[in-house]
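Sequence positions, counted from 1, serve as the residue numbers for this chain. Note: hydrogens, waters and symmetry copies are ignored here, and every other heavy atom, side chains too, is used.
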Amino acid sequence: MPRKKKDGRFINYYIDRKIYERLERYADDKGQQMTTALERILSEHLDRYESAKQHEGGNVMYCPNCNLLVNSTKCPVCGSKQIREPLSDDYCYLVEKELIWAEALSDLLSQNDIPFLTKNVLGAGLAAKLGSGVERTRFYVPYAYYKNALALEEEFFCADTIE
């Protein structure tokens with residue numbers, strides 16, 4: 001049975017050769033197709049951008065189902081309208097990282113006395129079968145620490161400083 005076609009769009013952009021070569025090395029290191037690698041990189045960057053943009057406006061709401069901060073009357077992930085203003089002890093989704101970067105982020109948050117929870121995306125059984133290299137970890141921090149944690153994460157993982 002053929003695989004269901006992805007709902008997507010073709011893109012065609014002329015990018016700097018060095019960036020393209022870095023992307024190619026990244027995809028090879030991850031064992032991914034270039035499209036998959038590019039989608040993941042863009043998705044992570046856009047998630048971080050949208051999250052930061054939400055907090056500029058000050059109209060932040062919290063979805064207790066997804067632990068997500070949103071700036072609308074409906075959660076974009078689960079569709080719930082049962083959102084509310086965040087409490088200081090609500091654990092909010094911060095970011096999702098691959099295993100090696102998750103360990104680095106854990107150390108960074110711990111060193112800065114920021115409490116956090118983690119959740120593995122695949123789970124122990126599937127990660128053991130596929131290998132720990134494909135495991136991804138989601139980070140959650142209390143709302144009271146969210147801005148500090150986001151700033152630390154963005155500063156540490158800033159793509160402009162990695163060459």
Side-chain angles (χ1 to χ4, degrees), residues 1-56 60 62-72 74-80 83 91-110 114 116-141 146-147 149-163:
M1 185 164 143
R3 202 183 335 170
K4 184 181 175 187
K5 255 189 153 179
K6 181 190 330 189
D7 180 24
R9 299 284 306 255
F10 287 100
I11 62 171
N12 184 15
Y13 294 101
Y14 190 78
I15 64 172
D16 183 89
R17 178 180 306 276
K18 289 180 182 178
I19 293 173
Y20 179 83
E21 290 169 353
R22 289 173 63 196
L23 175 62
E24 202 170 38
R25 283 193 306 272
Y26 175 83
D28 287 343
D29 289 348
K30 299 296 178 188
Q32 299 171 346
Q33 295 179 351
M34 291 279 283
T35 302
T36 303
L38 189 57
E39 284 177 341
R40 287 187 177 171
I41 291 167
L42 286 172
S43 178
E44 187 171 318
H45 177 78
L46 292 172
D47 287 348
R48 194 169 32 230
Y49 168 78
E50 289 167 354
S51 179
K53 191 165 178 84
Q54 287 174 356
H55 296 92
E56 289 173 4
V60 178
Y62 177 74
C63 175
N65 296 336
C66 303
N67 301 101
L68 192 67
L69 294 173
V70 299
N71 63 349
S72 65
K74 181 176 155 184
C75 177
V77 175
C78 70
S80 173
I83 60 173
Y91 273 82
C92 306
Y93 172 78
L94 178 66
V95 70
E96 182 177 305
K97 292 288 182 191
E98 294 173 351
L99 184 62
I100 189 168
W101 298 116
E103 292 173 4
L105 182 56
S106 293
D107 289 344
L108 181 66
L109 294 173
S110 295
I114 296 177
F116 65 93
L117 296 175
T118 60
K119 181 179 180 184
N120 291 337
V121 176
L122 296 178
L126 194 53
K129 187 164 183 97
L130 297 175
S132 62
V134 297
E135 180 63 279
R136 297 181 65 81
T137 304
R138 291 184 181 144
F139 284 81
Y140 301 87
V141 296
Y146 185 82
K147 287 182 182 179
L150 185 63
L152 282 170
E153 189 273 336
E154 286 177 347
E155 183 180 323
F156 186 77
F157 292 101
C158 180
D160 293 341
T161 60
I162 300 172
E163 283 297 327

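Note: Y93 and Y140 have perpendicular aromatic rings, judged against thresholds of 30 and 60 degrees for the angle between ring planes.
Within the 3.5 Å criterion, the main-chain N or O of S106 finds a donor-acceptor partner in the side chain of S110.
The neighbour count for I100 CD1, taken as heavy atoms of other residues, nucleotides or ligands under 6.0 Å away, does not exceed 12. Other residues, nucleotides and ligands contribute at most 12 non-hydrogen atoms within 6.0 Å of the CD atom of Q33.
By the 4.5 Å heavy-atom criterion applied to side chains, V70 and P76 are counted as neighbours. Residues K30 and E98 have side chains in contact (heavy-atom distance under 4.5 Å, counting atoms from C-beta outward). At a threshold of 4.5 Å between non-hydrogen side-chain atoms, the residues L105 and F139 count as touching. In this structure the side chain of M34 reaches within 4.5 angstrom of the side chain of L23, judged on heavy atoms.
With rounding to the nearest 0.5 Å, the separation of CD1 in I19 from OH in Y13 is 14.5 Å. Atoms SG and CG, from C92 and L68 in turn, are 8.5 Å apart once rounded to the nearest 0.5 Å. Once rounded to the nearest 0.5 Å, the distance linking CZ of F116 with CG of L108 reads 9.5 Å. Taken to the nearest 0.5 Å, the CZ atom of R25 stands 8.5 Å off from the CG atom of D29. Between atom CZ of residue R17 and atom CD of residue E24 there is a gap of 10.5 Å, rounded to the nearest 0.5 Å. Rounding to the nearest 0.5 Å places CG of L150 at 9.5 Å from CG of L69.
Classification of E39 and K6 as a salt-bridged pair holds, one side-chain N sitting under 4.0 Å from a carboxylate O. The pair E153-K97 counts as a salt bridge, with a side-chain nitrogen and a carboxylate oxygen less than 4.0 angstrom apart.
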Verdict with supporting geometry, R138 and T118, side chain to side chain contact (heavy atoms under 4.5 Å, CB included): CA-CA 5 Å; R138 291 184 181 144; T118 60; over 6 Å; no
Test log, rule side chain to side chain contact (heavy atoms under 4.5 Å, CB included), inputs W101 and T137: CA-CA 9 Å; W101 298 116; T137 304; over 6 Å; no
Stepwise side chain to side chain contact (heavy atoms under 4.5 Å, CB included) test for V141 and L94: CA-CA 7 Å; V141 296; L94 178 66; 4.2 Å; yes
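Between C75 and I83, the shortest heavy-atom distance links the atoms N-CG2, 4.3 Å.
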